[in-house]
Amino acid sequence: MMLMHVRHAVLLGLAALVCGVGAVVASEDGQRFEATLVWGTNDAELPGSALKPVPPPVARKLAKLPFKWAHYYAVECKEFALDKGQRTKVQMSRECEITVKAVDDETVELALRGQGQPVGKVTQKLVGDELLVTGGNAENFTAWFVVLRRLQ
Amino acid sequence: MKEQEQDLVLKVQAFVDGELPEPEQAGIAALIARDADVAALVKELKQTRQALAGYDEAVALPESREFYWSRIQRELARFPREQPEPVRGSLGALLLRWLLPATCVAALVAVGFLFLQSPWSAGGEVTWQAANDNVNAFTYRDYEEGLTVMWLSYPSDNTVADSAEAATLN
């Protein structure tokens with residue numbers, strides 16, 4: 001009995017070691033991304049303390065868009081790493097979930113789910129400091145955006 | 001007019017002008033005698049000939065017809081025919097022949113690309129797969145900024161978005 005416990009412990013240890021090494025490899029060799037859930041509004045004041053400024057590279061490009069909103073706030077901003085061919089789910093808010101896949105060294109696939117329902121999937125090459133922005137109208141004449149960019 | 005009729009008219013005309021070969025003359029004369037339409041044509045041709053008689057002066061040749069035309073033939077043979085200048089095989093000629101049209105085609109393609117590539121488009125390097133038919137997507141691509149916007153609209157929020165106050169764009 002004691003021997004079995006030791007064997008299990010050794011096996012679990014080995015599994016943990018393998019998984020740990022795998023995670024390190026993924027983070028070192030994988031592609032790093034940043035996903036930001038953005039709220040577009042014309043209200044200058046931050047209505048909630050949870051809102052943060054949009055990362056500067058994203059804010060600069062959003063400001064140049066021909067949209068009517070004057071202010072963009074980050075509701076959530078998450079970083080993650082993916083190996084080629086790997087995908088991951090990222091919960092951006094209670095109602096917004098994205099699944100990102102690194103199709104190859106340049107191409108990404110972004111699948112959106114809103115309120116638990118699949119919305120669609122966009123695939124495109126995302127290289128350098130390019131942004132992939134999905135968005136739509138929100139309540140009270142505001143807008144939501146999910147901004148995906150590659151971290152160098 | 002059918003070909004056969006046209007041939008008959010020409011023969012009648014030749015008969016009236018005295019140019020119809022002798023073996024055919026009797027046949028045409030008989031036809032004129034028994035066919036009122038042909039007779040009417042002969043009458044008309046003769047009247048026309050009389051009307052134009054003053055304007056159609058006969059040219060008297062100093063020599064026989066055969067000799068006159070043989071002289072013209074000799075003159076024509078004396079001058080070599082002008083041959084079209086062959087296209088030179090030089091680089092310049094090749095450029096003119098191939099590069100110029102190719103440049104024009106490339107320019108047209110470039111102009112078309114510039115004018116047809118609207119920033120709001122569905123396509124290019126971006127592919128979109130909607131999960132259901134209720135979602136409409138428009139793609140905005142800013143090549144200079146390196147930015148792609150996939151704007152999603154739902155029928156339920158279109159009424160709001162389409163109102164003047166809620167317009168999406170500036």
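Because only heavy atoms are used, hydrogens play no part in the values below, and waters and symmetry mates are left out as well, while side chains stay in. A note on names: the letters A, B, ... follow the listed sequences, proteins ahead of strands, and every chain is numbered from 1.
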Next on the checklist: Rounded to the nearest 0.5 Å, what separates atom CG in A/L110 from atom OG1 in B/T148?
Outcome noted: 11.5 Å
Item to check | Neighbour count >12 (heavy atoms, 6.0 Å) for atom CD, B/E75 | outcome: yes
Item to check | Leading residue by heavy atom contact count with chain B [cutoff under 4.5 Å; candidates A/E130, A/E109, A/K125] | outcome: A/E130
Checklist entry - In terms of hydrophobic clustering (I, L, V, M, F, W, Y; side-chain heavy atoms under 4.5 Å; direct or indirect links), are B/I72 and B/F67 co-clustered? => result no
Item to check | Where B/W128 and A/V122 come nearest, the two heavy atoms and their spacing | outcome: CE3-CB, 3.8 Å
Item to check | Path from B/V9 to B/L45 over hydrophobic side-chain contacts below 4.5 Å | outcome: yes
Item to check | Atom pair CD (B/Q129) and OG1 (A/T123), whose distance is rounded to the nearest 0.5 Å | outcome: 6.5 Å
Checklist entry - So if you build clusters from Ile, Leu, Val, Met, Phe, Trp, Tyr with side-chain heavy-atom gaps below 4.5 Å, do A/F80 and A/L151 land together? => result no
Checklist entry - Does A/L126 belong to the same Ile/Leu/Val/Met/Phe/Trp/Tyr cluster as A/V103, with side-chain heavy atoms less than 4.5 Å apart forming each link? => result no
Checklist entry - Is it the backbone or the side chain of A/R60 that comes under 4.5 Å from a heavy atom of chain B, or both, or neither? => result side chain
Next on the checklist: If you apply the rule side chain to side chain contact (heavy atoms under 4.5 Å, CB included), what do you find for B/Y140 with A/L65, and how did you get there?
Outcome noted: CA-CA 10 Å; B/Y140 174 86; A/L65 284 173; 3.6 Å; yes
Item to check | Distance, nearest 0.5 Å, that separates CD of A/Q124 from CE of B/M150 | outcome: 7.5 Å
Checklist outcome for this item: Correct closest heavy-atom pair for B/A131 and A/P118 would be CB-O, 3.2 Å
Item to check | Partner chain B: residue of A/L131, A/V147, A/T134 with the largest heavy-atom pair count (under 4.5 Å) | outcome: A/L131
Item to check | For B/V135 against A/V119, the heavy-atom pair lying closest together | outcome: CG2-O, 3.9 Å
Item to check | Within 6.0 Å of CD in B/E44, more than 12 heavy atoms from elsewhere | outcome: no
Checklist entry - Where do B/V149 and A/F67 come nearest, in terms of heavy atoms and distance? => result CG1-CZ, 3.9 Å
Checklist entry - Side chain, backbone, both or neither: which part of A/L62 has a non-hydrogen atom closer than 4.5 Å to chain B? => result neither
Next on the checklist: Could you go through A/K61 and B/E144, starting from their C-alpha distance and side-chain angles, then the distance that decides it, and tell me whether this counts as salt bridge (charged side-chain N to carboxylate O under 4.0 Å, His left out)?
Outcome noted: CA-CA 11 Å; A/K61 291 191 178 188; B/E144 198 178 325; over 6 Å; no
Item to check | B/K46, NZ: over 12 other non-hydrogen atoms inside 6.0 angstrom | outcome: no
Checklist outcome for this item: One should read off an interatomic distance between B/L152 CG and A/W144 CH2, to the nearest 0.5 angstrom, of 5.0 Å
